[in-house]
Student: 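A single structure is presented below for examination.
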Amino acid sequence: MKKSHPIRRVLLASAATVSGIVLLLSLKPATDSSSASAQGAAQGAAAAQESPQGGAAAAGTSTVTGAATQTEYGVVQVRLTVANGKITKAEAVQAPHGGTSDQKTALSVPKLNQEVVATQSADITSVTGATYTSGGYKKSLQSAIDKMKAANAASPSQSSAAAAPAAQAKTVTGDVATTQYGPVQVRITVTNGKITKAEAVQAPSGGTSDQKTALAIPKLNQEAVAAGNANIDSVSSATYTSGGYKQSLQSALDKAGG
């Protein structure tokens, strides 16, 4: 058959077409496979980047659920999300529903949730028109807050922090002040330079002095803590006792460096 014969040209063209198709088919899976591998690697890298962030957030967050509170229209129960001792989210996991309760719950619960986060306490305002739901919410909320505080108190870090101020407290006893009716001596507890407690370890006694001491000393103790110094008012009808108290109190303050 001659090279220029038409049938020969057709056969050669057909062979070339088949070879091209076979070549394309053999290349396509390899391309798809490499693309899939690249996509999988990218997803893996993204997951690796997101994982540490999610873990860090979860580590500092905890939830606490208050006791379920029964109201006239149904049960209310509050759950808090706490991060580093602070309420970051409040939600009602149970609330009255059915009939008009659905509307009242939808009206009141979101407002109550927001106010809890804002006030960080159970001292929140009841929502008008949802008095029973608000009351049950606050009871369950207080229960959750109590649990939160108990958990914080049990934490070693919290205990150490609470113990630190106590280590700075000191007790100082003033000199004895002699009065016409007997000696007066004051002892004070000072924390961080402030009087946190005052008491009379000696005071006039016997006869009418017992009555005057019982009347005057508690008032003088309270005023010493409130004033933080010896500039306090004398108690009427117990002038001598008051004078001796202030004298001994000033002595105790001088010793404490106040």
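Residues take their numbers from the sequence shown, with the count starting at 1. Just so it is clear, the model here is predicted, and its values are computed rather than measured.
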Student: What are the two closest non-hydrogen atoms of Ile195 and Val225, and how far apart are they?
Tutor: O-CG1, 3.6 Å
Student: Rounded to the nearest 0.5 Å, what separation is found between the NZ atom of Lys89 and the CD atom of Gln114?
Tutor: 13.0 Å
Student: Between Ser248 (side chain) and Ala177 (backbone), is there a donor-acceptor pair under 3.5 Å?
Tutor: no
Student: Kindly compute the distance separating CD (Gln247) from OG1 (Thr178), expressed to the nearest 0.5 Å.
Tutor: 8.0 Å
Student: Search all heavy atoms of Ala238 against all heavy atoms of Lys212 and return the closest pair with its distance.
Tutor: CB-O, 4.3 Å
Student: Ignoring hydrogens, what is the shortest heavy-atom contact between Pro204 and Thr179? Give both atom names and the distance.
Tutor: CG-OG1, 4.2 Å
Student: If you draw a 6.0 Å radius around CD in Gln103, do more than 12 non-hydrogen atoms from other residues or ligands fall strictly inside?
Tutor: no
Student: Please examine the side chains of Val172 and Leu253, heavy atoms only from C-beta on, and report whether any two atoms are closer than 4.5 Å.
Tutor: no
Student: Nearest 0.5 Å, please: how far is OG1 in Thr69 from CD in Gln77?
Tutor: 8.0 Å
Student: Check for me, please, whether Leu141 and Val127 land in the same ILVMFWY cluster - side-chain distances under 4.5 Å, paths through other members count.
Tutor: yes
Student: Measure the spacing between CG of Leu80 and CD1 of Ile145 and express it to the nearest 0.5 Å.
Tutor: 6.0 Å
Student: Could you tell me whether the side chain of Val235 reaches within less than 4.5 Å of the side chain of Leu220, counting heavy atoms only?
Tutor: yes
Student: Side chain to side chain contact (heavy atoms under 4.5 Å, CB included) for Val78 and Glu91? Distances and angles first, verdict last.
Tutor: CA-CA 6 Å; Val78 178; Glu91 55 189 324; over 6 Å; no
Student: Can you find a pair of side-chain heavy atoms, one from Lys219 and one from Leu215, that are under 4.5 Å apart?
Tutor: yes
Student: Identify whether the distance between the nearest side-chain nitrogen and carboxylate oxygen of Asp175 and Lys255 falls below 4.0 Å.
Tutor: yes
Student: Mind checking whether Gln250 and Asp254 have side chains closer than 4.5 Å, heavy atoms only?
Tutor: yes
Student: Under 3.5 Å, is there a donor-acceptor pair between the Ser234 and Lys246 side chains?
Tutor: yes
Student: Mind listing the closest non-hydrogen atom pair of Ile232 and Ala227 along with its distance?
Tutor: CG2-CB, 4.0 Å
Student: Could you walk me through whether Thr81 and Thr61 pass the side chain to side chain contact (heavy atoms under 4.5 Å, CB included) test, one step at a time?
Tutor: CA-CA 7 Å; Thr81 300; Thr61 303; 3.3 Å; yes
Student: I'd like to know if the side chain of Glu115 reaches the main chain of Thr125, judged simply by a donor and an acceptor atom lying under 3.5 Å from each other, with no hydrogens or angles considered.
Tutor: yes
Student: When hydrophobic residues are tied together by side-chain contacts of less than 4.5 Å, even through go-betweens, does Val190 share a cluster with Tyr245?
Tutor: yes
Student: Around atom CG of Asp123, are there more than 12 heavy atoms of other residues, nucleotides or ligands at under 6.0 Å?
Tutor: no
Student: Does a side-chain heavy-atom distance below 4.5 Å link Asn113 with Val117?
Tutor: no
Student: With the side chain counted from C-beta on, respond yes when Ile217 and Thr241 share a heavy-atom pair under 4.5 Å apart, and no when they do not.
Tutor: yes
Student: One pair to check against side chain to side chain contact (heavy atoms under 4.5 Å, CB included): Thr173 and Gln185. What are the steps and the verdict?
Tutor: CA-CA 7 Å; Thr173 303; Gln185 189 174 26; 3.5 Å; yes
Student: When you compare the side chains of Thr65 and Lys147, does any donor N or O come within less than 3.5 Å of an acceptor on the partner?
Tutor: no
Student: Quick check for you: to the nearest 0.5 Å, what is the distance between Gln202 atom CD and Arg187 atom CZ?
Tutor: 11.0 Å
Student: Do the non-hydrogen side-chain atoms of Tyr137 and Val116 ever get within less than 4.5 Å of each other?
Tutor: yes
Student: Do Ile188 and Leu249 have side-chain heavy atoms sitting under 4.5 Å apart?
Tutor: yes
Student: For the residue pair Ala67 and Ser140, what are the closest heavy atoms and their distance?
Tutor: O-OG, 2.8 Å
Student: Could you go through the side chain to side chain contact (heavy atoms under 4.5 Å, CB included) check for Val184 and Val176 one step at a time?
Tutor: CA-CA 6 Å; Val184 179; Val176 176; over 6 Å; no
Student: With the 4.5 Å side-chain cut-off for hydrophobic clustering, are Val109 and Tyr73 part of the same group?
Tutor: no
Student: Distance from Ile124 atom CD1 to Lys111 atom NZ, nearest 0.5 Å?
Tutor: 12.5 Å
Student: To check you understand the geometry: which heavy-atom pair defines the closest contact between Lys138 and Ala122, and what is its length?
Tutor: CD-O, 3.8 Å
